[in-house]
Undergrad: 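Quick one: the structure is below, and I'll ask about it shortly.
Note on naming: letters A, B, ... go to the chains in the order of the sequence lines (proteins, then strands), and numbering restarts at 1 for each one.
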There are 2 protein chains.
Amino acid sequence: MADTKGARTSARLTESMLDLIQRHGYSGTGLNTVVQHAGAPKGSLYFHFPDGKEALGEKAVELAAAQLAALAAEVTPGAATPGAAVRRFIEALAGILVESDYELGCPVSVVTLEMGGQSERLRTACANAFASWIDPLAAHLVAHGRSAPAAHATATAVVSLIEGAVIVSRAQRSTQPLDYAAQAVGILVDGTP
Amino acid sequence: MADTKGARTSARLTESMLDLIQRHGYSGTGLNTVVQHAGAPKGSLYFHFPDGKEALGEKAVELAAAQLAALAAEVTPGAATPGAAVRRFIEALAGILVESDYELGCPVSVVTLEMGGQSERLRTACANAFASWIDPLAAHLVAHGRSAPAAHATATAVVSLIEGAVIVSRAQRSTQPLDYAAQAVGILVDGTP
DNA sequence: GTCTATACGACGATAGAC
DNA sequence: GTCTATCGTCGTATAGAC
């Protein structure tokens with residue numbers, strides 16, 4: 001079971017990195033804090049992540065992408081229209097934001113803004129994370145009759161809108177911007193207010 | 001002219017802080033780097049900003065708000081519709097992004113995400129910055145016949161959309177997400193694709 | 001108003017024992 | 001695989017001369 005335990009330590013480190021990035025950003029998150037938060041042995045960090053902080057950040061971004069995809073899969077089935085599905089997703093995000101007392105922001109956004117110009121590895125990870133949200137949504141819109149180019153454009157705008165609304169909501173400590181984003185999504189995706 | 005020189009030093013420090021926050025985030029920007037970038041005497045920092053980094057960050061956020069308002073005032077007059085005005089603004093942002101080789105992100109977004117949960121002072125400064133963009137846009141929409149609540153909702157969504165599109169554009173090193181945002185703004189604001 | 005010097009902690013990362 | 005100890009650097013902030 002040595003591998004299993006090692007894998008769990010690695011996973012806990014990644015989860016802690018993700019949680020702390022959401023709260024304090026990438027540069028604001030120290031590796032000492034990460035191992036402490038994970039309850040992991042400090043000496044194990046560079047065993048599991050020989051490339052150091054950058055590799056850990058990359059895994060955290062990938063985990064964030066997977067977690068939000070899972071949230072979408074959990075919350076959207078049964079929605080009447082694509083727009084309704086997206087609005088359910090936005091409501092779920094608003095719930096997370098309120099539960100955390102507006103301390104959780106999007107880790108992909110903040111890593112993009114802090115490290116996009118300095119680490120090609122992290123910038124690519126963030127670009128892939130955004131694509132992992134845009135592409136399935138675009139495919140869903142195509143399945144509902146949109147042309148592929150229009151679907152891609154709309155899906156990109158919807159992801160951008162949600163991303164921005166999370167930030168404005170956090171700044172204002174209110175879910176109002178997310179609510180307005182949900183309204184706008186109805187117009188953009190379903191064509192009805 | 002002692003005051004004038006002091007004021008210029010203070011202004012240069014604020015401008016440098018703003019520039020560096022856009023590139024490396026708040027935590028990633030060291031005060032040593034700021035004074036060096038500003039060509040300012042190191043000993044002068046805590047004379048002009050007795051409250052230290054937090055005060056400097058606050059001024060940088062306020063400067064960012066003013067600079068983007070000035071950009072809007074420069075670029076939007078003469079537009080046929082409110083949506084066309086916003087689209088001109090988005091094109092200007094895309095130009096800045098390309099000229100900087102995708103190194104400049106929104107300082108308000110990144111400060112919100114990094115420090116919103118830790119510094120009430122910075123969180124408030126960011127909320128005020130967002131409001132300073134939302135409120136005039138909402139007023140403009142009211143002047144074009146919208147009801148006040150609808151105008152506020154649409155203006156908030158538009159600012160969120162632009163904010164998010166800047167981030168996604170930076171991650172993808174492409175202005176495409178901003179272009180799609182401009183299309184979506186046409187639908188949301190003017191009601192025509 | 002600005003200077004130099006420095007306090008003091010946290011940072012990421014590494015070495016070598018076990 | 002994990003431990004402790006530590007390296008060198010950089011961070012913010014302060015002190016006291018001028």
Undergrad: Expressed in angstrom and rounded to an integer, what is the separation of Phe49(B) atom CZ from dG1(C) atom P?
TA: 14 Å
Undergrad: Could you state the CG-C1' distance from Asp51(A) to dT14(C), rounded to the nearest angstrom?
TA: 14 Å
Undergrad: Nearest to the side chain of Leu31(A), which nucleotide is it out of dT2(D), dG1(C), dG12(C)?
TA: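 Closest of the options to the side chain of Leu31(A): dG12(C).
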Undergrad: Can you see which heavy atom on Leu13(A) is nearest to which on Ser44(A), and at what distance?
TA: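 Taking Leu13(A) first and Ser44(A) second, the nearest heavy atoms are CD1-OG, 4.3 Å.
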Undergrad: With a 4.0 Å cut-off on heavy atoms, is Ser27(B) in touch with a base, just the backbone sugar-phosphate, or nothing at all?
TA: nothing
Undergrad: Could you tell me the separation between the CZ atom of Arg12(A) and the P atom of dT2(D), rounded to a whole number of Å?
TA: 9 Å
Undergrad: Of the candidate nucleotides dG11(D), dC11(C), dG12(C), which contains the atom at the shortest distance from the side chain of Tyr46(A)?
TA: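 Nucleotide nearest to Tyr46(A)'s side chain: dG12(C).
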Undergrad: Please compare Gly43(A) and Tyr26(A) by the position of their nearest nucleotide in DNA chain C and report the one closer to 5'.
TA: Tyr26(A)
Undergrad: Minimum heavy-atom separation for Ala184(B) to Leu161(B), with atom names?
TA: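 Between these two residues, the closest heavy atoms are CB-CD2, 3.9 Å.
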Undergrad: Checking Arg123(A) side chain against Thr112(A) main chain: does a donor-acceptor pair fall under 3.5 Å?
TA: no
Undergrad: What's Asn32(A) touching, base or sugar-phosphate or nothing? Going by heavy atoms closer than 4.0 Å.
TA: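 Sugar-phosphate, no base atom in range.
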Undergrad: Can you measure Arg8(A) atom CZ to dT2(D) atom P for me and round it to whole angstrom units?
TA: 11 Å
Undergrad: Over how many whole Å does the gap from Leu13(B) atom CG to dT2(C) atom P extend?
TA: 10 Å
Undergrad: Please report the distance, rounded to the nearest Å, between CD in Gln36(B) and P in dG11(D).
TA: 10 Å
Undergrad: Report the distance from atom CG of Leu45(B) to atom P of dG11(D), rounded to the nearest whole Å.
TA: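 After rounding, the gap between these two atoms is 13 Å.
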Undergrad: With DNA chain D as reference, determine whether Gly52(B) or Ser44(A) sits nearer its 5' end, using the nearest nucleotide of each.
TA: Ser44(A)
Undergrad: Under a 4.5 Å side-chain heavy-atom rule over Ile, Leu, Val, Met, Phe, Trp and Tyr, are Ile162(B) and Leu137(B) clustered together?
TA: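 Ile162(B) and Leu137(B): one cluster.
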